[in-house]
Amino acid sequence: MEYNFRKIESEWQKKWKDTNAYNVSNDFSKPKYYVLDMFPYPSGAGLHVGHPLGYIASDIYSRYKRLKGFNVLHPMGFDSFGLPAEQYSIETGQHPAETTKNNIATFKSQLDKIGFCYDWNREVQTSDPNYYKWTQKIFLELFNSYFCNSCKQTKPISELIKKYETKGSSKFSAEAWNSFSEAEKSEWLMKRRLAFSSYGEVNWCEALGTVLANDEVVNGVSERGGHPVVKKKMRQWYLRITAYADRLLQGLETVDFSESMKEMQRNWIGRSEGAEIDFIVEVGEDETTVTKTDLGNGFILEDISITSTQADTWLKVYTTRPDTVFGVDFMVIAPEHDIIEEITTDGQKQAVEDYITYVKSRSDRERQAEKNISGVFTGAYAVNPFNGVRIPVWISEYVLAGYGTGAIMGVPCGDERDFKFAKHFNIPVTNIIGEHFNGTEANPTKEATLENSGFLNGLLMKDAIAVANNKIEEMGIGKRKVNYKMRDAGFSRQRYWGEPFPIVWENGIPKPLSETELPLELPYVEKYGPGPEGEGPLANITEWINTPEGRRETSTMPGYAGSSWYFLRYMDPHNAEQFVNRELSDYWNQVDLYIGGTEHAVGHLLYSRMWTKVLFDLGYISFEEPFKKLLNQGMIQGSSRFIHRITLRADITSLFDDTKDTPVMSSNANVLVSKSIFDKIKEDKELLKQILEKHLSEFGIKDFEKIKVVEGQPSIFHVDVNFVDGQELDIDAFKKWRNGEYSKATFILEDGSIYNSNSTSKYICSSETEKMSKSKYNTVNPNELCDQYGADTFRMYEMFLGPVDQSKPWDTKGIEGVHRFLKKLWRLFFDETKGKVWNEEAPKAAELKILHRTIRKIEEDTERFSFNTAVSAFMISVNDLADAKCNKRAILEPLLILLVPYAPHIAEELWHALGNETLIIDAPYPLYESKYTVESSKEYPVSINGKVRTNINIALDAEEAEVKQIVLANETVQKWLEGKAPNKFIFVKNRMINIVP
RNA sequence: GCCUUGGUGGUGGAACUGGUAGACACGCAGGACUUAAAAUCCUGUCUUCAGCAACGGAGGUGCGGGUUCGAUUCCCGCCUGAGGCACCA
């Protein structure tokens with residue numbers, strides 16, 4: 001009986017499916033464990049070997065936990081709304097619902113082949129109305145909620161309305177509120193809602209015909225497709241994620257994410273502590289003397305009297321370094337700043353206008369690509385409130401309007417950009433840090449002692465920050481302030497294939513649909529072209545957008561809407577009354593293990609964390625962070641193979657010289673050269689000429705004298721990796737590639753010989769690691785590997801490649817080794833000729849040791865997600881058992897259970913071959929006995945001062961070995977040791993005794 | 001530039017809290033079985049020195065130092081790969 005994996009795997013997959021073996025019940029009596037994969041976007045390309053890496057890891061862990069007695073939720077679904085399906089529809093005319101359906105079917109069949117234990121009864125698809133009904137419902141919750149700034153919590157907007165009605169706010173009284181029109185009320189409330197509509201600058205992508213969120217724009221172009229993106233003012237929906245910035249930051253302390261992932265999120269949120277400071281700006285031409293009282297705001301200019309034109313206006317700047325306030329040499333404001341018109345002097349007016357025109361002409365992309373130093377002086381001066389120094393106010397594009405106050409104080413001795421700016425415009429630099437500043441380079445240190453800094457003199461900069469802040473607040477000219485880089489997230493897309501907003505606009509006021517009207521289904525459309533005035537395709541369907549109440553919102557929700565809460569729906573996927581039942585969400589609770597790529601660090605992972613916090617505050621769920629532990633699988637890169645080619649082009653026009661009108665005739669010959677001799681052959685004109693002549697003679701052309709070789713063009717191209725074994729090209733297979741495009745080519749092998757049917761040398765390809773992609777011919781399809789070696793081999797090999805969280809290039813070569821291991825395991829049970837070889841003999845101690853050592857190792861490795869070493873441990877054990885000729889059931893049976901997470905099919909098959917009736921996937925995980933996992937007596941090397949001196953036999957009490965108790969059994973060594981008077985024994989890892997005198 | 005994370009044979013990678021570096025696998029070389037192939041099995045495989053032999057000597061985990069009886073592991077300073085952020089004041 002041989003290992004027939006094809007039969008075994010398809011039979012067990014069918015059996016598991018037929019018996020609903022993977023259905024998960026809500027059995028509250030068992031401890032739960034929730035393992036989740038980031039659900040895929042079902043693209044048309046299908047899976048390549050990179051995709052299942054994380055799925056295999058999560059499957060192993062789920063199965064392991066199940067064997068350990070947990071009730072494991074391990075679902076799968078599809079993030080099926082999104083741009084690519086719609087782009088594809090525009091190109092092909094096929095409805096996105098149709099292509100999505102097909103793609104999902106392909107994905108599922110591919111996933112099933114690998115033998116995953118998903119409970120498909122819990123599948124969710126974000127584009128299913130039964131699902132997006134609840135996405136819309138949660139949107140309404142967001143719309144009907146606000147963030148209470150004092151209690152830092154989400155609250156129903158109705159509470160805010162009540163407050164306005166009875167107490168008013170800092171902006172208006174209760175009476176004023178009650179007299180507001182509906183539109184005015186709506187507008188005020190809009191400033192607080194968590195999902196709100198507002199005019200703002202958005203990232204508009206003309207090619208895609210939609211706006212994009214900040215994280216969907218990379219280097220000024222769209223993440224998908226790489227189309228240019230411009231800023232545009234439009235009415236949009238937003239998510240008030242900024243309100244949760246601090247909680248998102250604090251929450252990171254409570255979850256188990258990798259340091260780099262946390263760092264990326266912290267970076268994106270970009271919290272910084274600093275101060276806002278008001279500076280007086282002098283405007284106008286009248287020379288007057290400013291007295292203390294003129295400055296207002298209660299601050300006192302100490303003993304400084306300044307001559308000023310007029311204290312006309314205030315400029316608010318944001319700085320994280322108020323300690324450097326005596327080093328301010330200029331102010332810079334963003335070109336979009338409102339104050340510009342007010343403060344620009346007549347003399348500078350033209351220059352300022354020219355500069356602003358110039359800035360507007362530059363796209364974001366240009367601004368990022370070439371960081372020119374540019375700017376213009378406004379003519380106005382600010383006054384440093386601490387020393388009365390007049391500071392010129394400049395405009396420059398390096399200051400961003402959207403961050404802080406859109407204005408900064410320039411401290412060139414401490415800030416690199418400010419220094420460059422000062423140098424460029426010849427602004428004198430004040431040094432406040434003495435020798436720490438060398439005059440040629442800014443020094444952003446916080447460790448220097450301040451000089452030339454009035455009341456801050458002599459203080460260390462990092463200590464001076466608080467002192468300066470206190471002073472600023474005391475003087476009433478500013479206050480401490482925390483800023484964030486993160487912006488509110490754009491939440492609408494001018495597209496068709498997304499969730500419609502449950503909103504109707506009545507007289508310019510957005511009215512939410514009631515919950516009974518959900519789902520608001522997407523209408524069917526024929527065309528996906530954009531609507532008028534930048535609206536989405538839905539705007540074209542007049543019968544849909546116009547309702548008796550008003551006009552429907554025509555944009556749809558972005559891709560991340562559905563994925564922000566899907567982990568909740570798996571808990572209760574068929575609930576028609578609620579998005580999730582509270583009892584069930586209390587039970588299943590947080591996702592214990594979430595596996596996916598790093599690419600969602602600042603998108604999906606932040607949004608879903610925010611939604612969870614909102615739903616927690618509103619009392620729908622009992623946990624505030626959705627994902628307890630996040631494991632990022634590494635990317636599997638493609639390993640591309642290249643062929644070196646010399647294309648010989650022969651001009652054979654001359655052969656037809658009897659007719660004058662003959663066009664240029666040429667004949668191409670491909671010479672494909674093995675990697676290392678390519679450079680040599682390239683220069684070998686004589687050889688190339690011979691090859692060309694041989695090539696032409698096959699077409700009956702013999703008159704070589706008349707032919708000139710036009711060129712021998714060297715080039716390198718991608719070859720399909722499936723034709724290459726390691727580096728060696730399978731020439732015969734390759735010749736059939738692309739309908740035999742290279743069937744007539746000449747192959748020059750590594751030793752310089754020309755390939756023929758009995759060549760001994762090889763054709764060697766060059767290689768490079770690149771992203772896996774169809775166009776590079778470096779994709780490997782998991783289906784093919786499953787067909788060739790089986791799903792069990794494939795699963796174990798993907799794990800064997802290396803740590804899951806590490807990126808690595810794919811190389812099919814080593815898969816044989818894993819396959820051999822499974823065959824070797826099989827042979828412990830069955831012999832090809834003899835049939836059954838396993839027996840019921842009692843195990844020996846040495847064999848029990850192998851077993852228990854393995855149980856312990858596999859368990860430890862699986863727990864710490866070290867799946868690659870676990871696979872190695874299996875190999876070692878099977879090697880040991882084969883060497884010991886151990887075919888005993890008592891040893892083999894527990895091993896099979898250990899194997900279930902890694903290779904479920906073969907484990908199940910052999911389990912039943914041993915006569916078991918129940919499914920092995922539900923068997924209890926074996927426990928190891930420590931008396932078998934510790935060597936009880938052995939030769940150990942003994943070292944003195946780290947030098948290995950001798951081996952001694954040491955008798956260990958098995959139980960005591962763990963607590964490092966040893967008994968020296970060798971008399972001579974003991975005597976010798978006594979003579980040396982050792983005072984310290986270090987017994988390490990059952991391996992070595994170190995004696996320290 | 002900043003942040004995060006890596007650097008170990010021909011290759012992928014082991015070595016978990018400092019304890020015999022290179023497990024396991026691929027590849028390669030040699031051998032057994034076979035008419036032959038496939039399959040399977042065995043031996044060798046970090047470098048170097050010495051040798052009839054070995055559980056022999058020496059060196060060795062990017063580079064240079066340090067702590068320690070002992071360092072791939074800890075500390076300091078460099079070099080370098082990958083990923084992320086990048087006018088965020």
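These figures come from a predicted structure and were not determined experimentally. Just so you know, these numbers use all the heavy atoms, side chains as well, and skip hydrogens, waters and symmetry mates. Below, chain A is the first sequence line, B the second, and so on; all start at residue 1.
- For A:Tyr398, counting side-chain heavy atoms from C-beta on, the closest listed nucleotide (B:C87, B:C16, B:C41) is B:C87.
- Taking the ring centroids of A:Trp394 and A:Phe425, they lie under the 6.0 Å cut-off.
- Counting only heavy atoms from C-beta on, A:Tyr318 has its side chain closest to B:A89 among B:C16, B:U4, B:A89.
- Between A:Phe874 and A:Tyr902, the two ring planes are perpendicular [angle over 60°; tilted spans 30° to 60°].
- With both ends at atom P, the span from B:A38 to B:C28 equals 13 Å, rounded to whole Å.
- Residue A:Asn483 places none of its side-chain N or O atoms closer than 4.0 Å to OP1 or OP2 of B:A89.
- Closest-nucleotide positions on RNA chain B for A:Gly270 and A:Ile876 were compared, and the one nearer the 5' end corresponds to A:Ile876.
- Residues A:Glu860 and A:Arg864 are not paired through a salt bridge, judged by the lack of any N-O separation under 4.0 Å between the basic side chain and the carboxylate.
- Note on A:Asn879: a side-chain N or O is less than 4.0 Å away from OP1 or OP2 of B:A25.
- Across all strands, A:Pro803 comes closer than 4.0 Å only to sugar-phosphate atoms, never to a base (heavy-atom distances).
- Classification of B:G51 as anti follows from a glycosidic angle more than 90° from 0.
- By the 4.0 Å N-to-carboxylate-O rule, A:Arg321 lies close enough to A:Asp323 to be salt-bridged with it.
- Of the candidates B:G84, B:U4, B:G27, B:U4 carries the atom nearest the A:Glu259 side chain, counting heavy atoms from C-beta on.
- Remark: B:A37 base-pairs with no nucleotide; criterion is Watson-Crick or G-U wobble with both hydrogen-bond distances under 3.5 Å.
- Look at A:Glu259 and A:Arg266 and you find a salt bridge, because one of the NZ, NE, NH1 or NH2 atoms lies within 4.0 Å of a carboxylate O, short of that distance.
- For A:Thr319, the listed nucleotide lying nearest its side chain is B:A89; candidates were B:U40, B:A25, B:A89.
- Out of B:A89, B:C16, B:A14, the shortest distance to the side chain of A:Thr869 is found at B:A14.
- For B:C26, one of the phosphate oxygens OP1 or OP2 lies less than 4.0 angstrom from a side-chain nitrogen or oxygen of A:Arg820.
- Of the candidate nucleotides B:C16, B:U4, B:G13, B:C16 has the atom lying nearest to any side-chain atom of A:Glu860.
- Looking at heavy-atom distances under 4.0 Å, A:Ser272 makes contact with sugar-phosphate atoms alone, never a base.
- Side-chain proximity of A:Glu263 to B:U4, B:G13, B:C42: nearest is B:U4.
- Residue A:Val399 places its side chain closer to B:A89 than to any other of B:A89, B:C41, B:G27.
- On the P atoms, B:G60 is 24 Å away from B:C78, given to the nearest whole Å.
- Distances shown here put every side-chain N or O of A:Lys808 at or beyond 4.0 Å from the OP1 or OP2 atom of B:G13.
- Look at A:Gln806 and you won't find any side-chain N or O under 4.0 angstrom from OP1 or OP2 of B:G6.
- Note on A:Ser260: only backbone sugar-phosphate atoms sit closer than 4.0 angstrom, heavy atoms only; bases stay farther off.
- Among the protein residues, A:Lys262 comes within range of no part of the nucleic acid, since none of its heavy atoms lies under 4.0 Å from any strand.
- Comment: A:Arg271 engages A:Glu273 in a salt bridge, judged by a side-chain N to carboxylate O separation of less than 4.0 angstrom.
- Phosphate proximity of B:C41 to A:Arg827: present, with a side-chain N or O under 4.0 Å from OP1 or OP2.
- Nucleotides B:C33 and B:C42 place their P atoms 15 Å apart, quoted to the nearest Å.
- For A:Ile408, the side-chain atoms get nearest to B:A89 when compared with the rest of B:C16, B:A89, B:G27.
- For A:Met875, the side-chain atoms get nearest to B:A25 when compared with the rest of B:U5, B:A25, B:A23.
- If you take atom P in B:C63 and the same atom in B:U73, they sit 11 Å apart, rounded to whole Å.
- Using cut-offs of 30° and 60° for the angle between ring planes, the A:Phe5 and A:His819 rings count as perpendicular.
- Residue-level contact check: A:Arg487 touches the bases, meaning some heavy atom is under 4.0 Å from a base atom.
- Distances shown here put a side-chain N or O of A:Tyr403 below 4.0 Å from the OP1 or OP2 atom of B:A89.
- With C1' as the reference atom, B:U72 and B:U61 are 5 Å apart, rounded to whole Å.
- Qualifying side-chain hydrogen bond (donor to acceptor under 3.5 Å, both in side chains) partners for A:Tyr797, counting only residues two or more places apart in sequence or in other chains: none.
- Rounded to a whole angstrom, the distance from the P atom of B:C85 to that of B:A71 is 41 Å.
- Rounded to whole Å, the separation between the C1' atoms of B:U67 and B:C74 comes to 8 Å.
- The C1' atoms of B:C16 and B:A23 are separated by 14 Å, rounded to the nearest whole Å.
- A:Asn267 comes within contact range of the sugar-phosphate backbone alone, with a heavy-atom separation under 4.0 Å but no base atom that close.
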